[in-house]
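Have a look at the structure below, then the notes.
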Amino acid sequence: RDGGLWIGTSDRGLVHANQGKADVYGSAEGLSGDNIYALFEDREQNIWVATVNGLDRFRDFAVVTFGRNEGLIDSIVWSVLAAKDGSIWLGTFAGLNRWSNGSFAPFGRDGRVNGLIPNSLFQDDSGRIWASTPAGFGYFQDDRFRPVSTVPGAVTAVAEDSAGTLWIANEHASLIKLRGEVVVEQIAWTDLGHKDPASTMVADPSRGELNGALSRPDGLVVQR
């Protein structure tokens, strides 16, 4: 929000460019790892950085590192969700963690979602949190995971349009349109001119479009 640009690299750490200068943060500066997986800015202007070895928080340019010693059940974090209630949900290599009131806690007893590891997280406009595992897709309610049997697992991305409909990119099947818990449409990736699924998606509320980046560098799809 201050106009800076944060750049994550695969082996050189994190670069922060602002007002004509660049600062580099890596293991030597206290960052948990030099391989950056994900970046996120929360409502309090904290910058969260997921690396190969843990999760770091930048606030006023001070680095706070979270790993197993701080309560993470695994140091490899591959999905991060800032929930509307102020908590942070983290999908790790060993299971699901939740940061709330200054501490981490696993989901359930061991962080597993129906015995499996979550690989994507999404919160819709109503506040419902959705998650995908290799075998299923569903949502959390009353501290329980409730699968939606009509949607297969291995979801790579989720987006919500202005009508409240979820668009789900499935790694093996298709682009799935979900209204409530009912699948109302499935679009094969080949119908969009690609063989591979989308790796990320975002809805454009001003134009009613869905933009998705493909897993291979062969372009961008706009779904109207």
Side-chain angles (χ1 to χ4, degrees), residues 1-113 116-123 129-134 140 155-159 199-202 213 215 217:
R1 293 184 180 90
D2 64 0
L5 177 67
W6 295 83
I7 305 165
T9 73
S10 61
D11 60 357
R12 301 296 178 90
L14 182 69
V15 180
H16 178 242
N18 194 17
Q19 298 182 350
K21 70 173 187 176
D23 296 306
V24 180
Y25 303 92
S27 300
E29 290 73 35
L31 202 67
S32 61
D34 293 324
N35 189 338
I36 310 302
Y37 284 153
L39 296 168
F40 184 81
E41 182 178 11
D42 65 22
R43 297 180 185 89
E44 298 176 350
Q45 295 185 279
N46 297 302
I47 303 295
W48 295 84
V49 184
T51 81
V52 68
N53 292 321
L55 183 71
D56 302 299
R57 181 178 66 174
F58 282 74
R59 183 168 184 166
D60 295 331
F61 304 103
V63 179
V64 179
T65 299
F66 298 96
R68 287 190 177 94
N69 292 337
E70 290 72 36
L72 273 176
I73 55 179
D74 195 89
S75 59
I76 298 178
V77 179
W78 50 33
S79 58
V80 181
L81 172 68
K84 295 180 179 181
D85 63 1
S87 62
I88 306 292
W89 296 65
L90 306 130
T92 78
F93 189 76
L96 184 63
N97 260 139
R98 187 184 183 199
W99 166 274
S100 182
N101 298 321
S103 63
F104 290 104
F107 172 76
R109 289 180 298 177
D110 57 4
R112 299 297 177 100
V113 178
L116 299 170
I117 298 170
N119 49 27
S120 65
L121 297 165
F122 180 79
Q123 186 172 35
I129 294 176
W130 300 78
S132 168
T133 73
F140 296 100
V155 169
T156 57
V158 182
S199 57
T200 184
M201 297 189 299
V202 63
S215 59

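In this chain, numbering begins with 1 at the start of the sequence shown. As the structure is a prediction and not an experimental result, all values here were calculated from the model.
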* To do: Using distance alone, with no hydrogens and no angle criterion, decide if Ser132 and Asn119 have a side-chain donor and acceptor under 3.5 Å apart.
  => yes
* To do: For residues 96-108, pull every pair meeting salt bridge (charged side-chain N to carboxylate O under 4.0 Å, His left out), keeping only residues two or more places apart or in separate chains.
  => Asp85-Arg98
* Just wondering, do Leu14 and Ile47 contact through their side chains at under 4.5 Å, heavy atoms? -> no
* Asked: CD1 of Ile7 to OG1 of Thr9: how many Å apart, nearest 0.5 Å?
  -> 9.5 Å
* Separation between CD1 of Ile88 and CG of Leu121, rounded to the nearest 0.5 Å -> 11.0 Å
* Using the side-chain contact (heavy atoms from CB on, under 4.5 Å) rule, take Phe58 and Leu31 through it: C-alpha gap first, then chi angles, then the decisive distance, then the call. => CA-CA 10 Å; Phe58 282 74; Leu31 202 67; 3.8 Å; yes
* Asked: Can you name the closest pair of heavy atoms from Asp110 and Pro106 and give their distance?
  -> C-CB, 4.3 Å
* side-chain contact (heavy atoms from CB on, under 4.5 Å) partners of Val52, counting only residues at least two apart -> Asn35, Tyr37
* **Sequence-distant partners of Glu44, side-chain contact (heavy atoms from CB on, under 4.5 Å), two or more places apart** => Asp42, Asn46, Arg59
* Can you label the angle between the Trp48 ring and the Phe66 ring as parallel, tilted or perpendicular, going by 30° and 60°? => parallel
* Spatial distance of atom CG (Leu96) from atom CG (Leu116) [nearest 0.5 Å] -> 12.5 Å
* **Inter-residue atom distance Leu55.CG - Ile76.CD1, 0.5 Å rounding** => 13.0 Å
* Structure fact -> By ring pair (Phe, Tyr, Trp, His ring centres under 6.0 Å), Phe140 pairs with (sequence neighbours left out) Trp89, Phe107, Phe145
* Worked check of side-chain contact (heavy atoms from CB on, under 4.5 Å) between Leu90 and Phe104 -> CA-CA 10 Å; Leu90 306 130; Phe104 290 104; 3.3 Å; yes
* **Flag, side chain of Asn97 to backbone of Ile73, donor-acceptor distance under 3.5 Å** => yes
* Asked: Glu70: what forms a salt bridge (Lys or Arg N to Asp or Glu O under 4.0 Å) with it, not counting sequence neighbours?
  -> none
* **Sequence-distant partners of Arg12, salt bridge (Lys or Arg N to Asp or Glu O under 4.0 Å), two or more places apart** => none
* To do: Assess whether atom CG of Asn101 is packed by more than 12 heavy atoms of other residues, nucleotides or ligands within 6.0 Å.
  => no
* **Residues in side chain to side chain donor-acceptor pair (under 3.5 Å) contact with Arg1, at least two apart in sequence or another chain** => Glu41
* side chain to side chain donor-acceptor pair (under 3.5 Å) against Thr51, all qualifying residues, sequence neighbours excluded -> Ser32
* Asked: Which atom names give the shortest non-hydrogen contact between Gln123 and Ala83, and what distance separates them?
  -> OE1-CA, 3.2 Å
* Asked: Between Lys21 and Asp23, is any pair of side-chain heavy atoms under 4.5 Å apart?
  -> yes
* Asked: If you measure from CG on Leu5 to CG on Leu39, what distance do you get to the nearest 0.5 Å?
  -> 9.5 Å
* To do: For Asp34, check side chain to side chain donor-acceptor pair (under 3.5 Å) against everything at least two apart and list the hits.
  => Ser27
* Asked: What pairs with Phe40 under ring pair (Phe, Tyr, Trp, His ring centres under 6.0 Å), at least two apart in sequence or on another chain?
  -> none
* **Short side-chain to backbone donor-acceptor contact, Trp78 and Pro118, under 3.5 Å** => yes
* Asked: Of all residues at least two apart in sequence or in a different chain, which pass the salt bridge (Lys or Arg N to Asp or Glu O under 4.0 Å) check with Arg43?
  -> none
* Quick one: side chain to side chain donor-acceptor pair (under 3.5 Å) partners of Trp130, sequence neighbours excluded? -> Asp124
* From Ile117 atom CD1 to Arg112 atom CZ, the distance as rounded to the nearest 0.5 Å -> 4.0 Å
